[in-house]
Amino acid sequence: MKFSARAGSAVHEVVVERDNGHYVVEIDGVRRVVDAQKLEADFYTILDLGDSRSYEVSVEPRGDGYIVRHGAAECEVVVSDPSRRAREAGPVGTGPLTVSASMPGKVVRVLVVAGGTVQAGQGLIVVEAMKMENEIAAPRAGRVKHVAVAAGQTVESGVALVEIE
Amino acid sequence: MKFSARAGSAVHEVVVERDNGHYVVEIDGVRRVVDAQKLEADFYTILDLGDSRSYEVSVEPRGDGYIVRHGAAECEVVVSDPSRRAREAGPVGTGPLTVSASMPGKVVRVLVVAGGTVQAGQGLIVVEAMKMENEIAAPRAGRVKHVAVAAGQTVESGVALVEIE
Amino acid sequence: MKLPFTKVLVANRGEIAVRVIRACHEMGIPTVAVYSDADRRALHVRFAHEAVHIGPSESQHSYLDIERILDAAKHTGAQAIHPGYGFLSENPRFARACADAGIVFIGPPPAAMEALGDKVRARALMQKAGVPVVPGTGALPENDTDTAALALAIGYPVLIKAAAGGGGKGMRVVQRAEELPSLLAQARGEARSSFGDATVFLEKFVERPRHIEVQIIADTRGHTIQLGERECSIQRRHQKLIEESPSPIVDPTTRARIGALAVRAASAAGYVNAGTVEFLRGADGSFYFMEVNARLQVEHPVTEEVTGIDLVKEMIRVAAGESLSLPQDRLELRGHALECRIVAEDPRRNFMPSPGTIRGQRVPNGPGIRYDGGTYAGWTIPIHYDPMIAKVITHGRDRADAIARMARALDELRIDGIPTSVSFHRKVMRHPAFIAGDLHTGFLAEHPDLLKADDDPLLDEIAVTAAAIAHYRRLESTAPTPARDGRGVSSWRHAGRIGWRR
Amino acid sequence: MKLPFTKVLVANRGEIAVRVIRACHEMGIPTVAVYSDADRRALHVRFAHEAVHIGPSESQHSYLDIERILDAAKHTGAQAIHPGYGFLSENPRFARACADAGIVFIGPPPAAMEALGDKVRARALMQKAGVPVVPGTGALPENDTDTAALALAIGYPVLIKAAAGGGGKGMRVVQRAEELPSLLAQARGEARSSFGDATVFLEKFVERPRHIEVQIIADTRGHTIQLGERECSIQRRHQKLIEESPSPIVDPTTRARIGALAVRAASAAGYVNAGTVEFLRGADGSFYFMEVNARLQVEHPVTEEVTGIDLVKEMIRVAAGESLSLPQDRLELRGHALECRIVAEDPRRNFMPSPGTIRGQRVPNGPGIRYDGGTYAGWTIPIHYDPMIAKVITHGRDRADAIARMARALDELRIDGIPTSVSFHRKVMRHPAFIAGDLHTGFLAEHPDLLKADDDPLLDEIAVTAAAIAHYRRLESTAPTPARDGRGVSSWRHAGRIGWRR
């Protein structure tokens, strides 16, 4: 299985295969045989059978990639495989834009009404969580097509708040 | 649902019903409404809605009943319901007797051979675990019909070792 | 052994409620927890002997509702209430309501809370008691010549502040006398446009200030002792993130001096029970009274580690009328303790709150580690309350040892499912300026790199390897493979997030 | 800062391997774990920076295989090996093999290990050094009159022991001179029939002995210090189950005296690094040398808690040739520490080993609690090794406080899936004789109720309620109910143990 993985600013070409209960992972042509065992959901113990390195990692899917944590250090790895690249090549940025909640919380104020126009950066909705208010702004100018929430409502992260067209 | 529960030497008559998300538990005629929520497998937080008592319990099935732990204290509760009582009323103690491993471990010595006779209390198999040897004895006299394990073999708790007839 | 109280209700939630419950249980005192809708499964509810529901998730209708909490205490027969920190802990009205209901409030008397809660009254009280406060003026006269004389009397640099102010509006730092007139004009203009009031006043500008506070405790029999200082200079948006005891800058002579000041401050206010006297220490070594926190502090564990005193148990005994368990001269400090406050905030998104469900958790253990937390694997952190979810506390022979233990503990700590501040704390532990003890409240502003969520380059190869394997497994599990049991791919395997089931 | 070693291999497993790895990581030293087939997923493998497979599960072919371990050290470039306790820790051949391979053995020199490992040589060495040993004779003469004189010289009560003996055969306690002839005859007869050898000898009978041991550590520069005593009198089948420091019976004068004896014993053997000198204390207050444990002890944490010294770090520094980090006169003891050894043994089945899979685990936290463990939820405890899986250590201001914290910690600790000794330890913590500090090595024989797994009557109603609900849920989930989604009861719900899936 082949894909590319971006960590920080570097993009690596990765090939992964299973072999005899182990994984053969080739990163930019450097091949390693590792014993990876899953201990919990998203949590592995990995042994590099070449240089004996042992490490625990949690690999949490987030967005297009994974947040990998090893000890207290963390790193985001974005993975692109052929099928994803194909999907990503499809049309984007057309049609109405949905603005979503970036954290779970309670809607404390709705600053716009359907039909109104907004400027890029203009506040749309204020969500509060953990005693902190967070104003969600319009990413671009447009007309408010629909406001999906009302003050007092609790929202999860990722829930659609406002549609702009 | 009705059944009897033995804790220590006392046997209690128990009736359990669900009501509105809570459990109504009647023990020997004393009725309590409790909110029991499962946190993990076999682990609950229970709130007695009458007297406000809060307790965590782990309830592990073992044999015919449950080992209940609350803090470091523990108690075995054996539950009999009508269907189980019916099963228990069936014929017991007839036919050949199977002697099983009482702990997981490694068979270090087999002290009998098929066809030999044994006295009650006579050692049959020695199993070792955690540097401790445990001799498994014949619960009654008889003839060894079958020895199911050999020295060097690893056994789980409950596995049949010897059949006596 | 007679119990100080036959039952104690803890009017709080989260890690501090658990902390107080632990102290009560060690003393043999039965406990009552209170909980809102969001907290039925919270750890403090599970640990207490009894638990009473007090309302909806919003704290104003539960943890801040004096009536509901007193009803719970009466209903369960609690003799005393420990308020923890935050919520009702510094509310004199609550303390009075407890007294009126015949319930002991485990904290200072309401009169002391009132005297110290009002910053202007507190400042006057301290000045009268001979405790140094940041020198300053009242509202400035119109005449700038008079103002110049006042500034000179305070000594440069001075700070111009708007009387109606806040948020830095109308605030100017004046380094030299020549700058005063123009900066005064600027400040007045900004104050007028921001607050509609041009009134300004002067205060001594404390340069590179360190936040150093002294823990005190007093009994009802006239004894007040100090338990050494804590330094809490690592702050973000005025929120303390890392605390320690002792302060790397405080020597025994200074400790005795500021300890005596703290005891004097507490005595001046008629203070009883545990409290903290906060000072600002300037780069020139001067200490100025800031305020008294009339409650148990979040960071009390570092004091417990170096003194060997359990502050919560001491608070309970003092509230029951007992004497302090040790006189001042028997206090001994050992080693060095550090605390990191783990918050549910995302360092990758400018520390935005990150409430959610903790999927997996591993707490650090072993020598010199203390963990005071309120969460567990499976717990959903509510959106309604403070983002602090746990405190990692380490104790070592010296500061370097405590830092090394903290780094090790943070590497062991695992909180999966939500972003937290752990990676930030880990970076601070290896930062040269932190290791050197070169602290001040502007530390994070001076080292903004610490607040950025850079990917850790050390991790690069490990991370790519791990992500590659996880990705391989995910794709493998979603690929339509012939099922081994011949029944085809059963439909339940496709329910939920495939390949990432727990 | 220069590291004592550039890399350390830990030749052990379980909690002690984790303990040593933690110390190395705090010192910044990279670590290498070794593991057998059974231990690929063990915690020590996960915590170390590198891990090397050294053979099958049976320890004689892995953790006891000197060649494999040295190969692992050479392969990874480890400069030093920490042996933990057990396995190869007291094997002079291993220590010599390390030296021959140019690898530092973190422990005493082989010659000291040999001198102390042989009980007869050690006894002679101690007598010569003026360290009191249990008074006794060589093989007794045939003439009973001479024996009577020897017995009188030792002082009654005396113990007759078979020279070839063991397991109590041929052993008799003689309280008074009149009893000597007949008991001597009995003992000789039993010795002859048991061992084919009637030779017996006399030893002073130590009544209600307490097991009290002194921790020492020595560097290569001629400094040896003692770090106070531990009492380990709560034993079952000669296995320590609970330890504490200080001993409730040892006052400062006695501490200084036995501490000096321990230092003398260590010096007599040319001892370097950490070791423990074990004494038997009789009811009359006399102390007798028993043996030296030439390694880190299981119970070292109680000493660490009261002294504030990290013994493992100190061992590593001393092994690298550094001086001890403190002189004797800077040693200060604070408070009281207790340790409970949690073993995978079933108190309901006469403490039969109970290896198996830990389904759920919760470790105690909060003030004064230390947990040194080697397990986690999901870990399968192998059948091949020691049943000790963790140690709960508490530290309090005094013994009562440490006991209260231990009781609280044991209530928080949860190890689900296998029976453990936790309920036994909890009972000891509330036993009046234990609380009174009335300890001796026959404590559990004197209080056999503590070893019985009585159901806890306090728990009765809670237990029945909980079991009833669990049973209801189980029956409910097995009852054939119409499925809500109209698809019928899907077959996968019946795979595995229904209603008890994780």
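Chain A is the first sequence line, chain B the second, and so forth, proteins listed ahead of strands; every chain is numbered from 1. Everything quoted here is computed from the prediction, not taken from an experiment.
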Return the OG1 to CZ distance between B:T45 and C:R41, rounded to the nearest 0.5 Å. 8.0 Å
When rounded to the nearest 0.5 angstrom, what is the spacing between OG in B:S54 and NE2 in C:H44? 9.5 Å
Partners passing side-chain contact (heavy atoms from CB on, under 4.5 Å) against B:P104 (at least two apart in sequence or in another chain): B:E156, B:S157, D:P355, D:I383
So if I take each residue of residues 49-84 of chain C and look for any heavy atom under 4.5 Å from a heavy atom in chain B, which residues do I end up with? C:H49, C:E50, C:A51, C:V52, C:H75, C:T76
By residue number, those in residues 6-24 of chain C with heavy atoms under 4.5 Å from heavy atoms of chain B are none
Please collect all salt bridge (charged side-chain N to carboxylate O under 4.0 Å, His left out) contacts where either partner lies in residues 144-153 of chain B, sequence neighbours excluded, each pair once. none
B:R6 atom CZ: more than 12 heavy-atom contacts under 6.0 Å: no
Whether over 12 other heavy atoms sit under 6.0 Å from C:R93 CZ: no
For B:I46, which atoms come within 4.5 Å of any heavy atom of chain C: side chain, backbone, both, or neither? backbone
Side chain / backbone / both / neither for B:D48 at chain C, heavy atoms under 4.5 Å: neither
